[in-house]
Amino acid sequence: MDLKKRKDVIEMVKHLSYFFDKYKDKLCEPYGLSSVQSKVILDVYHNEGTKITGICSRLNKETNTISPLINRLINHGYLSKVNDENDKRVYYIYLTDKAHNIMANLMSDIEKATWPLFDSVDPSELDMIYKSLKILMNVIKE
């Protein structure tokens with residue numbers, strides 16, 4: 001692939017990322033969640049009982065960034081933490097019922113909002129998009 005195509009691919013990925021971040025912000029706003037808060041809640045949703053270090057690793061953020069955010073989410077009733085029985089310095093993060101309800105609604109909102117994006121896409125084009133994204137996912141796999 002030539003240099004221009006590589007740059008174009010990176011620009012398209014950045015544009016898509018920006019588009020979906022703004023879309024997610026719009027969908028999270030009615031729940032009073034910022035984009036970064038929703039990322040943390042979504043991570044815990046998919047990794048119940050996770051440690052803060054796991055969240056930091058998956059979100060590629062430092063502990064001093066995520067810990068205060070988690071504490072605010074705990075104070076707002078979205079998350080809870082449970083100390084490890086053997087090592088009281090370690091604790092695990094869980095969603096509260098409030099957050100589970102929000103996530104169920106949010107996942108439904110996301111599906112309702114994103115499905116129509118593909119209404120104008122021909123099935124063969126959708127297949128090409130799917131295959132291209134699978135290739136890209138394999139390229140970025142660690």
- Query: With hydrophobic residues grouped by side-chain heavy-atom distances under 4.5 Å, do Val121 and Phe20 end up in a single group?
  - Reply: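 Yes; tracing contacts between hydrophobic side chains, which count when under 4.5 Å, links both residues.
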- Hphob cluster co-occupancy, Ile55 + Ile74, side-chain heavy atoms under 4.5 angstrom: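 Linked, Ile55 and Ile74 end up in one cluster.
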- Partner set under side chain to side chain donor-acceptor pair (under 3.5 Å) for Asp43, not counting sequence neighbours: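 Partners of Asp43 by the side chain to side chain donor-acceptor pair (under 3.5 Å) criterion, ordered by chain and then number, come out as Asn47, Arg58.
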- Message: Going by the rule side chain to side chain donor-acceptor pair (under 3.5 Å), which residues pair with Lys134 if we only count those two or more places apart in sequence or in a different chain?
- Response: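 In terms of side chain to side chain donor-acceptor pair (under 3.5 Å), with neighbours along the sequence ignored, Lys134 is linked to no residue.
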Can you tell me how far the [atom1] atom of [X] sits from the [atom2] atom of [Y], to the nearest 0.5 Å?
X	Y	atom1	atom2	answer
Ser80	Ile93	OG	CD1	7.5 Å
Asp109	Leu27	CG	CG	6.0 Å
Leu69	Leu59	CG	CG	9.0 Å
Met103	Leu33	CE	CG	9.0 Å
Ile135	Tyr130	CD1	OH	11.5 Å

- Query: Which pair of heavy atoms, one from Ala113 and one from Leu117, lies closest together, and at what distance?
  - Reply: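 That closest heavy-atom pairing would be O-CG, 4.1 Å.
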- Shortest non-hydrogen contact between Gln37 and Gly32, atoms and distance: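 For Gln37 versus Gly32, the nearest heavy atoms are OE1-O, 3.8 Å.
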Tell me, do [X] and [Y] make a side-chain contact under 4.5 Å, heavy atoms counted?
X	Y	result
Ile52	Ser67	yes
Ser38	Lys24	yes
Val44	Tyr78	no
Thr63	Ile66	no
Val40	Leu79	yes
Thr53	Ser57	no
Ser17	Asp21	yes
Val82	Tyr94	yes

- Query: Among all residues two or more places apart in sequence or in another chain, which pass the salt bridge (Lys or Arg N to Asp or Glu O under 4.0 Å) test with Asp119?
  - Reply: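 Partners of Asp119 under the salt bridge (Lys or Arg N to Asp or Glu O under 4.0 Å) test: none.
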- Query: Asp8 pairs by salt bridge (Lys or Arg N to Asp or Glu O under 4.0 Å) with which of Lys5, Lys4, Arg6?
  - Reply: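 With Asp8 as partner, salt bridge (Lys or Arg N to Asp or Glu O under 4.0 Å) holds for just one option, Lys4.
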- Message: Is there a side-chain contact (heavy atoms from CB on, under 4.5 Å) between His100 and Glu48? Walk through the geometry before answering.
- Response: CA-CA 11 Å; His100 273 288; Glu48 283 275 343; 3.1 Å; yes
- Message: Checking Tyr23 now: which residues fulfil ring pair (Phe, Tyr, Trp, His ring centres under 6.0 Å) with it, not counting sequence neighbours?
- Response: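 Scan of Tyr23 (ring pair (Phe, Tyr, Trp, His ring centres under 6.0 Å), adjacent residues dropped) gives Phe19.
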Does [X], at its [atom1] atom, have more than 12 non-hydrogen atoms belonging to other residues, nucleotides or ligands within less than 6.0 Å?
X	atom1	result
Met137	CE	no
Asn138	CG	yes
His15	NE2	no
Lys22	NZ	no

- Item | Residue pair Ile102, Ile41: steps toward the side-chain contact (heavy atoms from CB on, under 4.5 Å) verdict | CA-CA 10 Å; Ile102 287 173; Ile41 290 173; over 6 Å; no
Using atom types as modelled and distance alone, determine if a side-chain donor or acceptor of [X] lies under 3.5 Å from a backbone N or O of [Y].
X	Y	value
Thr114	Ile110	yes
Asp127	Pro123	no
His76	Arg72	yes

- Task: Determine which pairs satisfy salt bridge (Lys or Arg N to Asp or Glu O under 4.0 Å) with at least one residue from residues 76-86, sequence neighbours left out, and list them in order.
- Result: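 The answer is none; no pair qualifies.
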- Is there a side-chain contact (heavy atoms from CB on, under 4.5 Å) between Lys61 and Lys39 once you walk through the steps? CA-CA 11 Å; Lys61 301 285 184 195; Lys39 285 179 186 179; over 6 Å; no
- Task: Determine, for Tyr92 and Lys51, whether the Lys NZ or Arg CZ falls below 6.0 Å from the six-membered ring centre while staying within 45 degrees of the axis.
- Result: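 Relative to the ring axis of Tyr92, which defines the angle, Lys51 lies outside at least one limit.
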- Message: Strictly below 4.0 Å, N to O, side chains only: are Lys26 and Glu29 in salt-bridge contact?
- Response: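 No, Lys26 and Glu29 are not salt-bridged.
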- Message: Running the 4.5 Å side-chain criterion over Ile, Leu, Val, Met, Phe, Trp and Tyr, what cluster does Trp115 land in, apart from itself?
- Response: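 None, because no other hydrophobic side chain comes under 4.5 Å of this residue.
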- Query: Should Lys131 and Met128 be marked as a side-chain contact (heavy atoms from CB on, under 4.5 Å) after you check the CA-CA gap, both sets of side-chain angles, and the distance that decides it?
  - Reply: CA-CA 5 Å; Lys131 288 176 182 175; Met128 287 182 353; 5.8 Å; no
